[in-house]
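As structure tokens, the structure follows; a few thoughts come after it.
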Amino acid sequence: MVQLNDKLRGLAPYEPNGGDHPIRLDANESFLQLPEGIRAEILDSALSVPLNRYPDPTAKQLCGAFAARYGVPAACVAAGNGSDELISILLQCFLMKGEAFATLAPDFSMYSFYGHLAECKHVEIKKGENFEADIDKIIEICNNECVRLLIFSNPCNPTGLCVPAGEIRRLVKSVSALVVLDEAYMDFHDQSLLGECAEYDNLLILRTCSKAFGMAALRVGFAVGNETLIRAVKAAKSPYNVNTISQIAAEAVLRHTAECDDAICQIVASRKSLQSGLEALARRIPSLKVIPSTVNFVTVLLEQAGEIFQFLLDSGIAVRYFAGLSALRITAGTAEENAAVLAAVERYFK
Ligand SMILES: *Cc1c(COP(=O)(O)O)cnc(C)c1O
């Protein structure tokens, strides 16, 4: 009989909000379908893909399209099967077993998950009372506890708050650890360090096509950094990690700059409207606190978060519940979806 080892025994498959929910505001996906013209273009190119051949292991065209959109050198870009795969590779390969990695709390849960699988030592750095990241404290802990890799999201999932670029720059320059800066939501905000990625020898930036670009189904993400680091990422990843259909689709989308920018504007407008709706409710419901968002979701804190989460599910609306924070994270949706979630929260309090 095979015995599962310690690191596997307690694990369960990732199945968030299983079941059918007519309104899905739980995964921070885009509520927009790709424009008809781009879909047609993708389908057209897909028809001539040699499906009997392996994909391009370097995803050259795709990385080129990313580099062109963001104005970074193509040699500084590696593609992943979602940025999730890249997080896994970084924690597996840039750390030796037993070495220390640091995360902030609260933050994206996959960082500590993969660090645990890599059998590394986890240093968790708590954020302040209002979820602010104390940069001096982070620098001190990283340098005192021999942290080899620091990973965090900016803007932050789940809070939606963003640390200004200048503070991140100061952090990168003050630690010897490799800083993995997950900018999954930076397309909605303007504090990116992408433009300077090649200037540091200890910075890797992660980006994704799953949030702003409406391609969560295709699983495409990027790591960006100086050539030495990116070469190492490419050497460590599995050779054919991004399939050909995803490569051509994401390349096509990234080259349609105007359509991408338009989609981002629509998503930000939706989030602003969701946020004002929630703030209006908060003025009448003193226990409801809205965290000011810089991204495509709004996180609210309230004592009854667990009950409201269930009430929303029963109303056909899935949002993300964080029990430890007593918080709900609500993805910006269509005008109708935003109205439905606001109405349901209001109904709960009646
Ligand atoms: C959604 C998300 C990701 C994962 O993106 P994929 O490219 O779809 O794997 C990574 N980091 C953060 C903070 C996210 O919220």
State plainly whether the residues [X] and [Y] are in salt-bridge range, i.e. N to O under 4.0 Å.
X	Y	answer
D261	R69	yes
K137	E140	no
R24	E337	no
R255	E251	yes
R170	D136	yes

Answer whether the closest heavy-atom distance between the side chains of [X] and [Y] falls below 4.5 Å.
X	Y	result
E124	S112	no
K211	D187	no
C260	F213	yes
F108	P158	no
L34	I42	yes
L32	Q266	yes

Original post:
Checking R148 side chain against A177 main chain: does a donor-acceptor pair fall under 3.5 Å?
Top reply: no
Subject >> Backbone N/O of F311 and side chain of S315: donor-acceptor pair under 3.5 Å >> reply: yes
**OP:** Report the residues that fulfil ring-ring contact (aromatic ring centres under 6.0 Å, His included) with Y321, sequence neighbours left out, ordered by chain and then residue number.
**Re:** F309
**OP:** Would you mind listing every ring-ring contact (aromatic ring centres under 6.0 Å, His included) that reaches into residues 227-262, with sequence neighbours excluded?
**Re:** Y54-Y240
Original post:
Given N243 and Q247, is the side chain to side chain donor-acceptor pair (under 3.5 Å) satisfied, shown in steps?
Top reply: CA-CA 6 Å; N243 75 71; Q247 289 193 31; over 6 Å; no
Subject >> Minimum heavy-atom distance between V175 and I139, given as atom pair plus value >> reply: CG1-CA, 3.9 Å
Subject >> Smallest separation among heavy atoms of N154 and L181, with atom names >> reply: CB-CD1, 3.8 Å
Original post:
Around atom CG of D190, are there more than 12 heavy atoms of other residues, nucleotides or ligands at under 6.0 Å?
Top reply: yes
Original post:
Should we say atom NZ of K126 is surrounded by more than 12 heavy atoms from elsewhere, each under 6.0 Å from it?
Top reply: no
**OP:** Report the C-alpha separation of N296 and S30 in whole Å, then their side-chain angles, then the decisive distance to 0.1 Å, and conclude whether the side chain to side chain donor-acceptor pair (under 3.5 Å) test is met.
**Re:** CA-CA 8 Å; N296 70 333; S30 171; over 6 Å; no
Original post:
Are Y111 and F101 close enough that their ring centers fall under 6.0 Å?
Top reply: no
**OP:** Test the R329-F297 pair against the cation-pi criterion, namely NZ or CZ under 6.0 angstrom from the six-membered ring centroid and within 45° of the ring axis.
**Re:** yes
**OP:** Would you sort out whether E303 and S287 count as a side chain to side chain donor-acceptor pair (under 3.5 Å), showing the intermediate values?
**Re:** CA-CA 7 Å; E303 222 174 274; S287 63; over 6 Å; no
